[in-house]
Number of protein chains: 2
Amino acid sequence: MNPRFFGLPLMGLFIFCSCTTLRGTGDLGLIIERADGRVAILETSRPQLLGSIPGLGDLSHASAVYSRDGRFAFIFGRDGGLTKVDLLTRKIVKRVLQAGNSIGGAISRDGSMVAVSNYEPGGIKVFASDDLTQIADIAAKGPTGTPSKVVGLMDAGGQRFIFSLFDGGETWIADVANPQDIKIQKFKAGLQPYDALLTSDGRYYITGLFGEDGLALLDLWYPEKGMNKILSGYGQGKEKLPVYKMPHLQGWAAAGEYFFLPAIGAKELLVMKRDQWTIHQRIPLVGQPIMAMASPDGQQVWVNFAFPDNQNLQVIDVKNLQVAKNLQPGKGVLHMEFTPRGDQLWLSVRDEDRVEVWDPQQFKKLTEMKVLKPSGIFMSARAHRIGL
Amino acid sequence: MNPRFFGLPLMGLFIFCSCTTLRGTGDLGLIIERADGRVAILETSRPQLLGSIPGLGDLSHASAVYSRDGRFAFIFGRDGGLTKVDLLTRKIVKRVLQAGNSIGGAISRDGSMVAVSNYEPGGIKVFASDDLTQIADIAAKGPTGTPSKVVGLMDAGGQRFIFSLFDGGETWIADVANPQDIKIQKFKAGLQPYDALLTSDGRYYITGLFGEDGLALLDLWYPEKGMNKILSGYGQGKEKLPVYKMPHLQGWAAAGEYFFLPAIGAKELLVMKRDQWTIHQRIPLVGQPIMAMASPDGQQVWVNFAFPDNQNLQVIDVKNLQVAKNLQPGKGVLHMEFTPRGDQLWLSVRDEDRVEVWDPQQFKKLTEMKVLKPSGIFMSARAHRIGL
């Protein structure tokens, strides 16, 4: 064979190799660049940006989950787009427009299925995580029979997903082990569930109620006990402030022996003693809290705020339940994410097009980088966690 | 240039590429093949073995920790060898014989340093995780001034490591942030600490005492309170059996509101209520327990046993604290490891040269593979956990 021809396929191989460097995926993550429909890929070992992936559509309020190998992220966009991206090649693997308006999703515990919760037309859809072919389409009609927005979608173990109906006032557990025969358990949650959290062991599902002054709790170890109201009337006798932004329940924190919950329409953090489900203490804050993120060692809870106080960050010392630090990183502190063992905290300063990396123990900024309108930050270690 | 010569370097490139496929590292792990000084590399997404890495020396009782990206493992061999292996290329990156007899190690929370604890000559050594150059050599001389074996070495946050002196009867915290000026805090532990556990939030360090009928607890949030004895006299009034194998404290389990501890020289599992540190219940077992491994959802605790009962596995239902299942996978069930979200349990059956993969919820064996004298199994997701 003429060596000239022989060389050609190898040239192609050379190009292939040069753009895909062999590396681990445990120190990767992504940052939502909401204004440009793009995600930036980050590395934490040497805190830096590796590149970005465009073409993801409307990413306002977008969130992400990871494949079990940590290589692929599934991004849920506001425009109903479900996009699978490859963090190594930094390319879109597959993108489907699966609804008119989606607000979040979850991946099954074995990583085989990705579920998306929708506002418009409501309900959830389930897709195969490898090629995004649709496996199930579950309409969410409440007791009145009208379609409902779905919120607080989480993996419930096995081939099951748990979620709540905003309009229907119910929480459902759907078992899609057999897509031809989907089994659904229904629980009465209360007025307008608007988001939910699942504890890291997958046991307690708590949904916040916008239509009631309280929350609803389901113990997945004992579903037969049904849902129970907790913290009922926690806002009573308090001056109600206009709600500029709903708190994120997935931003609620469990640390030490406590849960930390942002109150709705109040400038305070609610502290609930673990396993008691009653208010242990209220921590006054500089604004209405949006997210409370606990450090992996459970010693700190970092809190960000709704407009007009969103230039602030406050850090709670879990030892004494007091504000240990007041920080002002910049306008529009939208999201915080710890590295899995807590040596770094990454935060988005949206209105100043900046992401900052901090040493949370020393309250020291390690570095910062320019990112256009950054919002959510999601580390690949989420692949290995329950309830995210 | 003659295309024939032009082709040669590309041939080399071709060989390079063909043996290093781009992939995520979050679904990888390794299995210690103790008799052959080799580790097998496993994948959990499609449960299988990908290959193996030979030349690691004496791996009896070997353990491993992971780099923060999940690509590299640091393996601690009984012969004092510290070996850094690459799970992607399946090659040894670096190997140093750092002592005569080592029994375990830890990686700092930021992943920059790896520490090894030694029996012979005792003490610990600290190495840079990138190239294994030695950073520190800390002799462990107890109150009497004699060198001591070191056990229960863990990452204590920041640049700190915590460990216990078997002969010295103390627990030390060494801060190596400045290797020229290492700071050491010492605590009185008790007679012959033989292993230790650190809770997943890095707060509670508990060391088992071989020379006393009890354990010693240090709260790292309040080190000034010193170490306190817990479960003192838990074996009193019980028939003492000959101890064939020391229980693994790193195999102790925290699940739901309980801790599960294998008793020494007794056929029972001790159940301790979280935050109370007293015996809540004793669960009778078929043999002397070695390890108690909790499922990530906290609903099960899997227990294996010392000779002559090591063909057994018993599964505790955390809901009612009773044995829910009795299994007999084969002779020499040495180690169990869950995937990080609990959809699989991998276990070593040493005497039958077999590793089995189970669906722990269904108690169903998914697959098995031939592995020579398998012992420890370590998933790469450990890279993201505190206290392992």
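The chains referred to below are lettered A, B, ... by the order of the sequence lines, with proteins before strands, and numbering in each begins at 1. Bear in mind that the values here come from a model prediction, so they are computed numbers and not experimental data.
- Of the two parts of A/Y222, only the side chain, counted from C-beta on, holds a non-hydrogen atom closer than 4.5 Å to a non-hydrogen atom of chain B.
- At a 4.5 Å heavy-atom cutoff, the contact between B/T44 and chain A is made by backbone and side-chain atoms alike.
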Dump the intermediate steps for side-chain contact (heavy atoms from CB on, under 4.5 Å) on B/R203 and A/D297, then the final yes or no.
CA-CA 7 Å; B/R203 176 170 180 177; A/D297 67 6; over 6 Å; no
Under the side-chain contact (heavy atoms from CB on, under 4.5 Å) rule, what do B/L22 and A/T89 come out as? Steps first, then yes or no, please.
CA-CA 9 Å; B/L22 202 68; A/T89 61; 3.7 Å; yes
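- The minimum heavy-atom distance linking B/W221 with A/K319 is given by the pair O-NZ, 3.0 Å.
- Heavy-atom pairs under 4.5 Å with chain A were tallied for B/H384, B/R23, B/R71; the largest tally goes to B/H384.
- Here the OG atom belonging to B/S295 is positioned 9.5 Å from the CG atom belonging to A/D201, to the nearest 0.5 angstrom.
- Here the straight-line distance linking atom OG of A/S380 with atom CG of B/D69 works out to 9.5 Å at 0.5 Å rounding.
- With a 4.5 Å cut-off on non-hydrogen atoms, A/I107 touches chain B through its backbone and its side chain both.
- For the side chain to side chain contact (heavy atoms under 4.5 Å, CB included) with B/R109, the lone residue among A/R341, A/Q344, A/Q361 that qualifies is A/R341.
- Contact of the B/I386 side chain with the A/P296 side chain is registered, since non-hydrogen atoms from C-beta on lie closer than 4.5 Å.
- Most heavy-atom pairs under 4.5 Å with chain A: of the set B/A381, B/S67, B/A255, B/G202, this distinction falls to B/A381.
- Your options are B/D27, B/V318, B/D110, and the one with the most heavy-atom pairs under 4.5 Å with chain A is B/D27.
- A/R385 CZ: 12 or fewer foreign heavy atoms inside a 6.0 Å radius.
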Test salt bridge (charged side-chain N to carboxylate O under 4.0 Å, His left out) on A/D343 and B/R68 and set out the steps.
CA-CA 11 Å; A/D343 59 314; B/R68 60 186 293 145; 2.7 Å; yes
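- The part of B/D155 that comes within reach of chain A is its side chain, from C-beta onward, which places non-hydrogen atoms under 4.5 angstrom from that chain.
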